[in-house]
Visitor: 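One structure, pasted below without further comment.
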Protein chains: 2
Amino acid sequence: MPTPKPVPESGQRFSCAVELTLEVIGGKWATVVLAHLKEGAHRYGALRRRIPGVSEKVLVQRLRGLEARGLIERRSDGGRPPEVEYRLTEEGLSLVPVLEALYVWGEQYAARTGVRIELPD
Amino acid sequence: MPTPKPVPESGQRFSCAVELTLEVIGGKWATVVLAHLKEGAHRYGALRRRIPGVSEKVLVQRLRGLEARGLIERRSDGGRPPEVEYRLTEEGLSLVPVLEALYVWGEQYAARTGVRIELPD
DNA sequence: CTGAATCCGATTGGATACTG
DNA sequence: CAGTATCCAATCGGATTCAG
């Protein structure tokens, strides 16, 4: 696995490995985006439809942030109308076990509590 | 496993199981607290020393929130000076695979990037 | 020792309108 | 189609002080 680019803000202290992980994939939507990309490459519009709860601004912020961290890759064909795809990088693929764990727990919690998860599409 | 108490805010919509998980254990410090309690019961002061990056206010907020969600239990002996212990509930124990995944990824990322994790104590 | 209370700034998130 | 640009609200988080 190639070494990823940007190490978290130097000068920061981490007292637990979980703190570091959260520094990289924390926030309300980063893991949701990654969980969808785990299923394969998605176009921008497809991500929007699959994550209706996030605003465009925040979605783009997350995509740019994850790209800067080397977890996802953006591919544009440069045509008109534009066609842009996002996919996990090799580095991003290393997160699959984390994303799986988050997904499985959510499913089980939903089943236990009766919370409904309504998939778009 | 007993059904936990408070289902996330009714009226909210979840389009992916990961969104639901994040609703329950999202935020900057919740998983860090849980990861320490995964190793066994801790007194309040011990948690503070192990998580030097969090302020007292936020630590107490997280402890109260996780308690309300039924993920941790607070036990006080009522003496003076007081002695309070926190531990994972059965419900909280269901999160262990998630916490493990977050921890393992953080350790590997630290090794790849050279980030140092400095344990207190 | 285990908190509660207060004040405040920083960060995040959301609605809407606009563009190549 | 895939974004930008603004403006604003809400939440999160930090430092400090006080208390039983």
Side-chain angles (χ1 to χ4, degrees), chain A residues 8-9 11-16 18-19 22-33 36-37 41-69 72-87 121, chain B residues 8-9 11-16 18-19 22-33 36-37 41-69 72-87 121:
Chain A
E9 307 284 330
Q12 249 180 295
R13 286 322 192 181
F14 301 96
S15 308
C16 167
V18 175
E19 291 181 21
L22 270 282
E23 177 71 25
V24 177
I25 60 165
K28 191 172 175 181
W29 297 108
T31 52
V32 177
V33 171
H36 285 291
L37 295 182
H42 281 70
R43 294 184 56 176
Y44 175 80
L47 284 176
R48 278 212 327 194
R49 282 189 298 280
R50 277 166 166 272
I51 317 177
V54 71
S55 70
E56 297 195 15
K57 183 187 101 175
V58 173
L59 176 57
V60 173
Q61 279 180 351
R62 285 310 134 245
L63 289 169
R64 297 285 170 276
L66 294 170
E67 194 188 359
R69 278 280 166 70
I72 68 174
E73 182 192 4
R74 179 184 186 275
R75 281 187 197 172
S76 167
D77 70 346
R80 324 272 345 238
E83 182 175 325
V84 180
E85 266 192 356
Y86 294 91
R87 71 187 65 235
D121 295 359
Chain B
E9 307 285 329
Q12 248 182 293
R13 286 326 192 177
F14 300 96
S15 308
C16 168
V18 175
E19 291 182 22
L22 270 281
E23 178 70 25
V24 178
I25 59 165
K28 192 173 176 181
W29 296 109
T31 53
V32 177
V33 170
H36 284 291
L37 294 183
H42 280 68
R43 293 185 56 178
Y44 174 78
L47 285 175
R48 279 214 326 196
R49 282 189 298 280
R50 277 168 166 271
I51 317 177
V54 70
S55 70
E56 296 195 14
K57 182 187 102 175
V58 173
L59 176 57
V60 173
Q61 279 181 352
R62 285 311 134 243
L63 289 169
R64 297 287 168 275
L66 294 170
E67 193 187 359
R69 278 280 166 69
I72 68 174
E73 182 193 4
R74 178 185 188 273
R75 283 187 196 171
S76 167
D77 70 344
R80 323 276 341 241
E83 182 174 325
V84 179
E85 265 193 357
Y86 295 91
R87 71 187 65 235
D121 296 0

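Every chain is numbered from 1 and lettered A, B, ... according to where its sequence line falls, protein lines coming before strand lines.
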Visitor: B:Arg43 near the nucleic acid: base, sugar-phosphate alone, or nothing, with a heavy-atom cut-off under 4.0 Å?
Guide: sugar-phosphate
Visitor: Grab the CD-C1' distance between B:Glu83 and C:dT2 for me, whole Å please.
Guide: 11 Å
Visitor: How long is the straight-line distance from CD1 of B:Ile51 back to SG of A:Cys16, given to the nearest 0.5 Å?
Guide: 7.5 Å
Visitor: Of the nucleotides D:dG3, C:dG20, D:dG14, which one has an atom closest to the side chain of B:Lys28?
Guide: D:dG14
Visitor: I want to confirm an ordering. Mapping A:Glu56 and A:Pro82 to their closest nucleotides on DNA chain C, which one lands closer to the 5' end?
Guide: A:Glu56
Visitor: Check this one for me: any side-chain N or O of B:Tyr44 less than 4.0 Å away from OP1 or OP2 of C:dA4?
Guide: no
Visitor: Please compare A:Gln61 and B:Val60 by the position of their nearest nucleotide in DNA chain C and report the one closer to 5'.
Guide: B:Val60
Visitor: Salt bridge check: are B:Arg69 and B:Glu67 linked by an N-O gap of less than 4.0 Å?
Guide: no
Visitor: Less than 4.0 angstrom between a side-chain N/O of A:Arg64 and OP1 or OP2 of D:dT4, yes or no?
Guide: yes
Visitor: Expressed as a whole number of angstroms, how long is the span from B:Arg48:CZ to D:dT16:P?
Guide: 14 Å
Visitor: Starting from the C-alpha separation in whole Å, work towards a yes-or-no answer on side chain to side chain contact (heavy atoms under 4.5 Å, CB included) for B:Glu56 and B:Tyr44.
Guide: CA-CA 10 Å; B:Glu56 296 195 14; B:Tyr44 174 78; 3.8 Å; yes
Visitor: Grab the CG-P distance between A:Leu63 and D:dT4 for me, whole Å please.
Guide: 10 Å
Visitor: Base, sugar-phosphate, or nothing: which does B:Gly26 touch, judged by heavy atoms less than 4.0 Å apart?
Guide: nothing
Visitor: So, the side chain of B:Glu23 versus the backbone of B:Glu19: is there a donor-acceptor pair under 3.5 Å, distance only?
Guide: no
Visitor: Would you mind reading off the distance between B:Leu59 atom CG and D:dT16 atom P, rounded to a whole angstrom?
Guide: 18 Å
Visitor: At their closest point, which heavy atom of A:His42 faces which heavy atom of A:His36, and how far apart are they?
Guide: CE1-O, 3.1 Å
Visitor: Please give, in whole Å, the distance from D:dC1 P to A:Leu47 CG?
Guide: 14 Å
Visitor: For the side chain of A:Lys57 and the base of C:dG13, is some donor closer than 3.5 Å to an acceptor across the two?
Guide: yes
Visitor: OP1 or OP2 of C:dG3 less than 4.0 angstrom from a side-chain nitrogen or oxygen of B:Arg74, does that happen here?
Guide: yes
Visitor: Among C:dG13, C:dA4, C:dC1, find the nucleotide with the atom closest to the side chain of A:Arg62.
Guide: C:dG13
Visitor: Taking the minimum atom-to-atom distance to the side chain of A:Trp29, which one of D:dG3, C:dG13, C:dG3 wins?
Guide: C:dG13
Visitor: Given atom CD of B:Glu23 and atom C1' of C:dT12, what is their separation to the nearest angstrom?
Guide: 15 Å
